[in-house]
**Q** 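One structure follows; several queries about it will come next.
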Amino acid sequence: MSQKLTLQVKDAVVFFITACVSILLYSVNLKEIGFLPVSVLQLVRAAALFTAMIVILEKIFTIKIYNKIFIGLILGVAAGIIFKSSIAEIKPVGDLFIRMIRMIIIPLVFASLLVGSASMSPKKMGRIGAKTLVYYLIYTAFAVFIGLVLANIFQPGSGLPEDIKTGLLNNFNNKGAEVSKLAQQANPIDILLQIVPVNLFNSLSNGKLLPIIFFAIFTGIALTMLPKEKAEPVLSFFEGINDAMIVIVNIVIKFAPYGVFALIANVVANFGTDILMSLLKYMVITIAGLVFLNFSYPPVVKLFSGMKMGTFLKGIRSAQLIAFSTSSSSATLPVTIKTCEDVMGVPSDIASFVLPLGATVNMNGTALYQGVSALFIAQVFSIDLSLSSQLLIVLTATLASIGTAGAPMAGVLMLVIVLEQVGIPPEGLALILGVERILDMFRTTINITGDASAAVVIAATEGELKIQR
Ligand code: ASP
């Protein structure tokens, strides 16, 4: 037997044994296996599970990274459904993955933006900044509009049975009150003022992206005004940091299939199907709207850049899967930047400017979700919203998306502001909190797709898109 074949047989045997051991141990009640402590058995079954996955994904088959992440996601859904709460114990693996990408965000954004803005003329920066904001604002308003149209046509909230309504309000009222309290602390003027940091280190250590972006751009511009011999060492230092962060992204992304697997398995395992059924219409409408948005980007990208629709959709897949499983545009940011630069040919200075801004300012998916949700809650409470109230929703939802972190559940906080503006009782939040996690996954996916589309469009309008396919 050739050596290669022997190795393959060995891998297959290891896969078979570890897969069987893990399936067996996840299917039984560990307490009944008396001869080993439960915690040891938990460790054994998790180790067997990940060994089986590693063998199949890394050794037996040669699979592209996108497909590996996708397989991780599908296996995660299956494991969550089949093994329920016992699989939830692998969540730390998912958390580890999120922590590893999150650790890169701040140094990456700071270094790349500083170097990027030092290499651009102030005129170009102003032009790109203006284009970026206009693109983001128009697309966000469009997204809320689509959400409102869908909710007006399909009326997801009318006819929700009274017992389901009362049940949801009772079950989630405490959580709803907590969220509204948090949201009340955010006032739009303060949000804008907070873009300017008082203490950079405070912003760095709290991971506040907008003040960091502001400071990095300002410092980048200042460096261009210094004599070359003074600016150069600072710039090469940050260039080095930037390159090192990109190397880390490349390493961490290899871990993505396992992280995604663990995150999704945990979400699915903890999710009640009853609530899913009672809010099915609302969920289907929101997701349909988000899917529509997803397919609205490629034509726009094609129009401005000539990039084939398939190239854009295929290119963004890895970042989308990570957004889907982390529910955080910010956590996905390093991968979005890498994808836009490596796969779609966006130059680094534009990507490092447009994308971090997008991760906090541009939330198209969230905006659509807010449109549908505001109307859904109004319909359940039988509040008739006039056209002007609905226009106010477009305005407030668009504005509320600025300055809110690209973090899980951020969209709900913003929704409270929108509800208050049009006089819908914020307690209504309790109606939708049960499916919030699932919808967050979908809307975050769209949020980062919107950011990436902007990066490609803006690079193309500057005549700087490197890859034309
Ligand atoms: N999780 C979303 C994001 O990070 C924001 C939201 O909650 O809608 O983009």
Side-chain angles (χ1 to χ4, degrees), residues 94 97-99 101-102 104-106 109 136 139-141 143-144 146-147 175-176 178-180 182-183 186 191 207-210 213 260 263-264 267 282-283 286-287 289-291 293-294 297 316 319-337 339 354-374 376-377 393 396-419 429 432-455:
F97 170 64
I98 296 197
R99 292 182 81 101
I101 12 181
R102 284 186 58 192
I104 319 163
I105 302 170
I106 303 296
V109 169
Y136 284 161
Y139 229 116
T140 307
V144 191
I146 299 289
K175 223 172 155 202
E178 256 170 52
V179 175
S180 348
L182 270 181
I191 292 179
K208 296 251 180 282
L209 273 183
L210 280 183
I213 291 174
V260 165
L263 289 169
I264 295 290
V267 171
Y282 158 72
M283 281 186 70
T286 312
I287 293 174
L290 293 172
V291 170
L293 272 190
N294 183 52
Y297 296 113
I316 195 68
Q320 282 188 328
L321 286 173
I322 292 178
F324 187 77
S325 41
T326 59
S327 287
S328 166
S329 311
S330 301
T332 315
L333 187 55
V335 184
T336 321
I337 294 180
T339 305
V354 175
L355 295 170
L357 209 61
T360 50
V361 166
N362 182 46
M363 299 190 179
N364 305 154
T366 302
L368 181 139
Y369 157 85
Q370 289 180 343
V372 178
S373 304
F376 170 76
I377 297 173
I393 295 184
T396 39
T398 307
L399 292 181
S401 65
I402 299 175
T404 302
M409 274 194 89
V412 181
L413 291 184
M414 281 148 36
L415 183 58
V416 177
I417 303 177
V418 177
L419 295 181
L429 268 194
I432 54 170
L433 283 182
V435 290
E436 151 61 19
R437 180 70 173 88
I438 300 272
L439 293 181
D440 200 358
M441 295 158 83
F442 284 94
R443 61 184 195 249
T444 308
T445 308
I446 300 309
N447 290 348
I448 63 107
T449 313
D451 300 343
S453 76

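Note that ligands are numbered from 1 as they come in the structure, with each ligand's atoms numbered from 1 the same way. Side-chain atoms are counted along with the backbone in the values below, which use heavy atoms only and exclude waters and symmetry mates. Computed from a prediction, not measured in an experiment: that's the story for all the values here.
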**Q** May I ask you to check whether F442 and Y369 place their ring centers less than 6.0 Å from one another?
**A** no
**Q** Per the side chain to side chain donor-acceptor pair (under 3.5 Å) rule, which among T140, N447, D440 passes with T366?
**A** N447
**Q** Mind checking the CD1-CD1 spacing from I104 to I337? Nearest 0.5 Å is all I need.
**A** 10.0 Å
**Q** Checking contacts here: is it the side chain or the backbone of S329 that comes within 4.0 Å of ligand 1, counting heavy atoms only? Could be both or neither.
**A** both
**Q** For Y136, check ring-ring contact (aromatic ring centres under 6.0 Å, His included) against everything at least two apart and list the hits.
**A** none
**Q** What atoms of ligand 1 come within less than 4.0 Å of a heavy atom belonging to D440?
**A** 1 (N), 2 (C), 6 (C), 7 (O), 8 (O)
**Q** Surrounding CZ of R99 (heavy atoms of other residues, nucleotides or ligands, distance under 6.0 Å), is the total greater than 12?
**A** no
**Q** For atom 5 (C) of ligand 1, state which one of A331, A407, G358, P408 supplies the nearest heavy atom.
**A** A407
**Q** At less than 4.0 angstrom from any non-hydrogen atom of R443, what atoms of ligand 1 do you find?
**A** 6 (C), 7 (O), 8 (O)
**Q** So, using ring-ring contact (aromatic ring centres under 6.0 Å, His included) as the criterion, who are the partners of F97 when residues are at least two apart?
**A** none
**Q** Provide the number and element of each atom of ligand 1 under 4.0 Å from a heavy atom of M409.
**A** 7 (O)
**Q** If you measure from each non-hydrogen atom of A359 to ligand 1, which part falls under 4.0 Å: side chain, backbone, both or neither?
**A** neither
**Q** Over all heavy atoms of both residues, which pair between S373 and L415 is shortest? Give the atoms and the distance, please.
**A** CB-CD2, 3.7 Å
**Q** Short list, please: which atoms of ligand 1 are under 4.0 Å from a heavy atom of T366?
**A** 5 (C), 6 (C), 8 (O)
**Q** Report the part of M414 in contact with ligand 1, treating N, CA, C, O as backbone and CB onward as side chain, heavy atoms under 4.0 Å; options are side chain, backbone, both, neither.
**A** neither
**Q** For S325, run the side-chain contact (heavy atoms from CB on, under 4.5 Å) check against T445, L263, I98, T444 and tell me which one passes.
**A** L263
**Q** With heavy-atom distances below 4.0 Å as the criterion, list the atoms of ligand 1 near G411.
**A** 6 (C), 7 (O), 8 (O)
**Q** Please list, in number order, the atoms of ligand 1 under 4.0 Å from a heavy atom of S328.
**A** 4 (O)
**Q** Under 4.0 Å from a heavy atom of S327: give me the atoms of ligand 1 that qualify, with their elements.
**A** 1 (N), 4 (O)
